[in-house]
Amino acid sequence: MSKPTPISGFPEWTPAQRMIEQYVLDRIRGTFELYGFAPLETRAVEPLDQLLRKGETSKEVYLIRRLQADPDTSPAGDDQLGLHFDLTVPFARYVLENAGKLQFPFRRYQIQKVWRGERPQEGRYREFVQADIDIVDRDTLPAHYEAEMPLVIGDALRSLPIPPVTIQLNNRKICEGFYRGIGLTDPAAALRAVDKLDKIGPAKVAELLAETAGASEAQAKACLALAEISAPDASFADAVRALGVTDPMLDEGVEELVRVMDAAAAHSPGLCVADLRIARGLDYYTGTVYETQLAGYERFGSICSGGRYDDLASSGSVRFPGVGISIGVTRLLGLLFGAGALSVSRDVPTCVLVAVTNSEERAASNAVADALRSRGVPTEVSPSAAKFGKQIRYAERRGIPYVWFPGADGDQVKDIRSGEQVAAAAGEWTPPRADLKPLVS
RNA sequence: GUGGCUGUAGCUCAGUUGGCAGAGCACCGGGUUGUGGUCCCGGUUGUCGUGGGUUCAAUUCCCAUCAGUCACCCCA
């Protein structure tokens, strides 16, 4: 058999990297639960029509089918199943399906894999993990929930050994109201153009605005002036008003974003910045939108984004407006792994390796291991009764900090980092707290 | 999905104007009949990403493909 090769866009980490990932996921989950979000997992597949309900990205959906499927009777078109490519759409479907069993407002977190058939590159994958929180309510959703999202994310990301993050905020109503206020008729096209400001610069954006959104020179100039507003606090509102455009939706959006900025400033100064060029998905966000930059990794784009949606879930006359945000865990890890910026103190969970004196006495070593494990110390027994030097080396190669030597005259445990060796009893000895589990840094 | 660049040992990379495939690090064994890391000696790294073509001969030239990466597209 020829050597297997990777599949493009489907990353597989080493055990050490997986330990880091699990640590990161634990911290994120802990923060989500600290804020009272309830856990949820939805199935991996949704009917195709659900997946395509919003957005025009059908080409990126992975469809599933049975190898033995009969083409005459198997589902086609909208009845086909596809792998979900975010967690918000499945969640919206779940809320509609289970509305009768849920208490509203409903806050849930969901940490799962999603799949997108994109062309992969660094920090961009076809199979990846998202850590998502959403809050939905029935009929109306108070705006203060839009202010809560960045606080949760700020706490979650700041609990990790990663560079500082900045959450960039905008409000869709500001853009749409402003565009309407200056007489632009295609806000989506205008947003799409403005979103490229960082990449192609103001002159090209102005051209694009003229071409795709039918903007006059003055309108393009106004759009750029709005997009260039950026402030670490609520003062962005003054800059918007200084542009002299009036529109009810614009005023509403400014007011909402001011409240979000004020809440963020009170909770963690410096976390958020109002950045009126942020566009995000054009298809369904209706209020605040979020993007997140990791210091030093700006060129790779946002590692955490989301926004408010009013129209994603509705059934008959009942609407379920919501707001959500999602951490791109795989992207975050992929970037940091690529830079060698995350490490773990050992390659295995093992804290203690129990040496085997000779093969007849393996049972004695097993007994020591049992005693240590029963008190929560991750322990493995040496694979062979090789010379002690080799058994120590086995531990050293894996980063296992302690080697235990059973002895007729009493046991000894050695810290192989310092070389210090002391008498110990398996029923009593405990490693320092810091050595119990692998340390991520 | 479109286009560019890259692909030699576990890692970092040399190399052949087409003629048996190399170095450092790492790894394994021994020096050191039972306590590693230093030192000394010795050893293995490999379908030269994969498949085809040209050729007496291809790791080298050509085509395709896969993977990585970059730009575009998109980003729920």
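Reminder, nothing fancy here: chain letters follow the sequence lines and each chain counts from 1. Heavy-atom basis, side chains included; hydrogens, waters and symmetry copies ignored.
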What are the atom names and distances for every N/O pair under 3.5 Å that joins the protein to nucleotides 1-4 of chain B?
unit_1	atom_1	unit_2	atom_2	d
B:U2	O4	A:R119	NE	3.3
B:U2	O4	A:R119	NH2	3.4

- Query: If you pin A:G9 and A:L87 to their nearest nucleotides in RNA chain B, which one's is more 5'?
  - Reply: A:G9
- Item | Closest-nucleotide ordering on RNA chain B, the 5'-leading residue of A:R299 and A:I7 | A:I7
Residues that [X] engages under salt bridge (charged side-chain N to carboxylate O under 4.0 Å, His left out), provided they are two or more places apart:
| X | value |
| --- | --- |
| A:E228 | none |
| A:D86 | none |
| A:R107 | A:E148 |
| A:R93 | A:E46, A:E97 |

[atom1] gap between [N] and [M], integer Å:
| N | M | atom1 | value |
| --- | --- | --- | --- |
| B:U55 | B:C40 | C1' | 49 Å |
| B:G24 | B:A67 | P | 35 Å |
| B:C28 | B:U69 | P | 30 Å |
| B:G31 | B:G68 | P | 45 Å |
| B:C13 | B:U8 | C1' | 9 Å |
| B:U44 | B:G22 | P | 11 Å |
| B:U2 | B:C73 | P | 16 Å |
| B:A57 | B:G52 | P | 15 Å |

- Please list, chain by chain and in numerical order, all residues satisfying ring pair (Phe, Tyr, Trp, His ring centres under 6.0 Å) with A:F104, sequence neighbours excluded. A:F320
- Message: Can you see whether A:Y402 has A:R417 sitting over its ring - NZ or CZ less than 6.0 Å from the centre and within 45° of the normal?
- Response: yes
Please state how far atom [atom1] in [X] lies from atom [atom2] in [N], giving the value in whole angstrom units.
| X | N | atom1 | atom2 | value |
| --- | --- | --- | --- | --- |
| A:D86 | B:C75 | CG | P | 12 Å |
| A:R192 | B:C72 | CZ | P | 16 Å |
| A:Q121 | B:C5 | CD | C1' | 13 Å |

- Query: Do the non-hydrogen side-chain atoms of A:S230 and A:V273 ever get within less than 4.5 Å of each other?
  - Reply: yes
- Check whether any side-chain heavy atom of A:L271 lies under 4.5 Å from a side-chain heavy atom of A:I153, and answer yes or no. no
Partner nucleotide of [N] by Watson-Crick or wobble geometry (both distances under 3.5 Å):
| N | result |
| --- | --- |
| B:U32 | none |
| B:U69 | B:G4 |
| B:G24 | B:C11 |
| B:U54 | none |

- Query: Judged by atom type as modelled, is there a donor-acceptor pair below 3.5 Å linking the side chain of A:H144 to the main-chain atoms of A:V260?
  - Reply: no
- Task: Produce a footprint string for nucleotides 29-37 of chain B: one letter per nucleotide, 5' end first; B if the base is under 4.0 Å from any protein heavy atom, S if only the sugar-phosphate is, - if neither.
- Result: S---SBBBB
- Given side-chain contact (heavy atoms from CB on, under 4.5 Å), test A:Q130 with A:I111 step by step and report yes or no. CA-CA 6 Å; A:Q130 286 194 329; A:I111 301 176; over 6 Å; no
- Applied to residues 386-398 of chain A, the side-chain hydrogen bond (donor to acceptor under 3.5 Å, both in side chains) test, sequence neighbours excluded, yields A:E380-A:Y394, A:S382-A:Q391
- Message: Strictly below 4.0 Å: does A:S8 bring a side-chain N or O up to OP1 or OP2 of B:G68?
- Response: yes
- Please work out if A:E122 contacts a base, only the sugar-phosphate, or nothing of the nucleic acid, heavy-atom cut-off 4.0 Å. sugar-phosphate
- Message: Using a heavy-atom cut-off of 4.0 Å across all strands, would you classify A:K196 as base, sugar-phosphate, or nothing?
- Response: sugar-phosphate
- Item | Residues forming a side-chain hydrogen bond (donor to acceptor under 3.5 Å, both in side chains) with A:D411, sequence neighbours excluded | A:W404
- Return yes if a side-chain donor-acceptor contact under 3.5 Å exists between A:T288 and A:E146, otherwise no. yes
- Message: Just to be sure I understand the geometry, which residues of residues 323-340 of chain A put a non-hydrogen atom under 4.0 Å away from RNA chain B?
- Response: none
- Does any residue of residues 130-147 of chain A have a heavy atom under 4.0 Å from RNA chain B, and if so, which ones, in number order? none
Please tabulate, for side-chain N and O atoms in residues 337-346 of chain A, each donor-acceptor pair with protein atoms closer than 3.5 Å (sequence neighbours left out).
unit_1	atom_1	unit_2	atom_2	d
A:S345	OG	A:L439	N	2.7
A:R346	NE	A:V348	O	3.4
A:R346	NE	A:T350	O	2.9
A:R346	NH1	A:D435	O	2.9
A:R346	NH2	A:P349	O	3.1
A:R346	NH2	A:D435	O	3.2
A:R346	NH2	A:L436	O	2.9

- Kindly state whether the ring of A:F10 and the ring of A:Y125 have centres lying under 6.0 angstrom apart. no
